[in-house]
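To keep things clear, I will list the structure first and then write my remarks on it.
Order of the sequence lines sets the chain letters (A, B, ...), proteins ahead of strands, with each chain counted from 1.
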There are 2 protein chains.
Amino acid sequence: MATSGPRRAASGAVGAKAGATRTALVAATIEALQEVGFGGASAREIARRAGCNQSLVFYHFGSVTELLLAALDDVSARRLAAYRDVLAAASTLVDLIDSARVIFSEDLDAGHVAVLVEMITGAQAVPGLGAQVSERLAPWREFAETAVRRALAGSPVEALLPAREVAHGVMAGFLGLELLANLDGDRAAALALFDRARMIASLLDLVGPAALLPGEQP
Amino acid sequence: MATSGPRRAASGAVGAKAGATRTALVAATIEALQEVGFGGASAREIARRAGCNQSLVFYHFGSVTELLLAALDDVSARRLAAYRDVLAAASTLVDLIDSARVIFSEDLDAGHVAVLVEMITGAQAVPGLGAQVSERLAPWREFAETAVRRALAGSPVEALLPAREVAHGVMAGFLGLELLANLDGDRAAALALFDRARMIASLLDLVGPAALLPGEQP
DNA sequence: GTCTATACTTGGATAGAC
DNA sequence: GTCTATCCAAGTATAGAC
């Protein structure tokens with residue numbers, strides 16, 4: 001099912017006003033998920049942040065749940081694009097981890113992964129939402145697998161580590177690190193792990209350099 | 001601050017009835033956190049599951065938030081004891097991972113880690129709750145560090161991997177795997193990672209057997 | 001200790017004026 | 001398209017009977 005737009009009356013096209021409001025609502029939802037979590041992201045709270053009336057949530061998105069999913073789609077698409085760029089530019093394991101560290105930090109600052117985490121955990125409260133969130137994780141699973149596959153290509157540990165399995169672990173690790181970093185407002189422990197991984201990666205790059213194909217991005 | 005019991009009137013000791021109700025409420029809270037999440041764990045929902053009146057939540061615990069923390073304490077204490085037993089019995093890396101796999105599976109079945117994850121993520125919605133949940137994570141951090149330190153003792157990679165850092169990663173990994181397993185009701189990906197870790201651990205056990213001191217548990 | 005009843009608040013959602 | 005006004009459901013918390 002496509003993004004259910006406003007069931008608009010006779011008028012045909014979506015006006016500039018409507019677009020602006022939709023955009024503001026999505027942005028406000030992202031902000032709300034980050035600051036007050038899934039439970040606090042009510043129609044009223046979101047509308048307040050967007051500077052508009054509560055009823056517009058229902059006019060434009062039909063329900064709060066749909067708006068939450070729209071926000072997840074928005075942040076997910078934008079971050080996936082950023083991650084893809086990074087992956088395309090990295091040609092060694094060390095490159096990859098350096099970039100991953102930068103992006104992880106960016107995500108933490110901007111609360112991007114927090115949105116995903118809130119949606120994953122909050123989904124339990126709303127029947128049927130879990131499946132919809134899970135669907136939206138699919139492109140991330142695929143991306144993570146590609147990244148891991150390229151990172152391990154030509155490495156001495158390639159045979160030991162199936163990309164699909166490792167990718168699942170990487171995703172879990174990112175989510176878990178985000179969870180902990182947000183809980184106690186301290187990202188140092190997470191960043192230290194990236195530094196450690198970088199050190200090990202530099203060893204692996206020496207032993208068996210990853211055979212990365214530059215500019216292979218779809 | 002100690003567990004704030006019921007501000008009981010003139011009567012001195014806590015009766016058997018009160019103890020039973022408190023126990024039932026805590027159990028019901030754990031169940032609710034697992035099945036309907038932080039957002040759904042209301043006083044009414046919890047009381048319904050406990051088979052008592054909603055007002056007893058406030059009589060015995062003062063507020064819903066306090067009851068949630070009591071439930072977290074309960075499950076945390078019981079699981080930590082189980083984990084300690086396992087750690088004490090493991091004498092090789094492979095032992096450790098085998099046991100970790102069993103316990104991870106148990107936790108998933110019983111929803112123990114789910115309670116923790118719900119509290120971590122739900123904490124954002126309630127001001128001040130985050131810090132209280134973070135405090136309750138301290139024994140887990142300490143436990144994880146001890147486990148990792150013992151697991152790596154005498155291993156060839158010991159110098160490369162500081163226990164404190166790795167422990168943080170292990171915790172993040174557990175939380176993330178739990179998150180994903182609960183989301184799409186599929187633990188196969190997580191279990192595959194345990195199997196893979198076991199394989200690698202068996203190699204490490206061969207190269208440099210971990211110098212574990214049996215029965216060193218506090 | 002436990003219940004019923006109730007006051008108060010907040011949130012989802014809709015109707016209708018503009 | 002946006003707002004005001006409103007209904008209804010659900011939640012927290014307390015008072016008071018038993």
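One interatomic measurement links the two molecules: CG of A:L68 to C1' of C:dG12, which rounds to 13 Å at whole-angstrom precision.
At a threshold of 4.0 angstrom between heavy atoms, the contacts of A:E45 with the nucleic acid are absent. Contacts of B:V64 with the nucleic acid, taken as non-hydrogen atoms under 4.0 Å apart, involve only primed sugar atoms and P, OP1 or OP2.
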Distance-only donor-acceptor pairs under 3.5 Å for side chains of residues 166-183 of chain B, two or more places apart:
{"unit_1": "B:E178", "atom_1": "OE2", "unit_2": "B:A114", "atom_2": "N", "d": "3.2"}
{"unit_1": "B:E178", "atom_1": "OE2", "unit_2": "B:N182", "atom_2": "ND2", "d": "2.9"}

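For B:Q54, the side-chain hydrogen bond (donor to acceptor under 3.5 Å, both in side chains) test picks out no residue, with sequence neighbours left out.
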| task | Apply salt bridge (Lys or Arg N to Asp or Glu O under 4.0 Å) to A:D184 and B:R141, showing your working. | result | CA-CA 13 Å; A:D184 35 50; B:R141 294 185 208 277; 2.5 Å; yes
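Residue A:S63 has no polar side-chain atom (N or O) positioned under 4.0 Å from OP1 or OP2 of C:dG12. Considering only side-chain N and O atoms, A:T21 lies nowhere under 4.0 angstrom from the phosphate OP1 or OP2 of D:dG1.
When each of C:dA13, C:dT2, C:dA15 is scored by its nearest atom to the side-chain atoms of A:R44, the top-ranked nucleotide is C:dA13. Across C:dC3, D:dT2, C:dG12, the shortest atom-to-atom separation from the side chain of A:L56 is found for D:dT2.
Taking the six-membered ring where the residue is Trp, A:W140 and A:Y83 present perpendicular rings, their angle passing 60° and hence far from 30°.
The stretch residues 29-37 of chain B does not touch DNA chain C, since none of its heavy atoms comes less than 4.0 Å from the strand.
By the 4.0 Å N-to-carboxylate-O rule, A:D109 lies close enough to A:R187 to be salt-bridged with it.
Position along DNA chain D of the nearest nucleotide to B:T65 versus A:S55 favours A:S55 as the more 5'-ward residue. In this structure, A:G51 and B:S42 both approach DNA chain D, and ranking their closest nucleotides by distance from the 5' end singles out A:G51.
At a cut-off of 3.5 Å, with distance as the only test, no side-chain donor of A:H60 or A:R22 sits close to an acceptor on the other residue.
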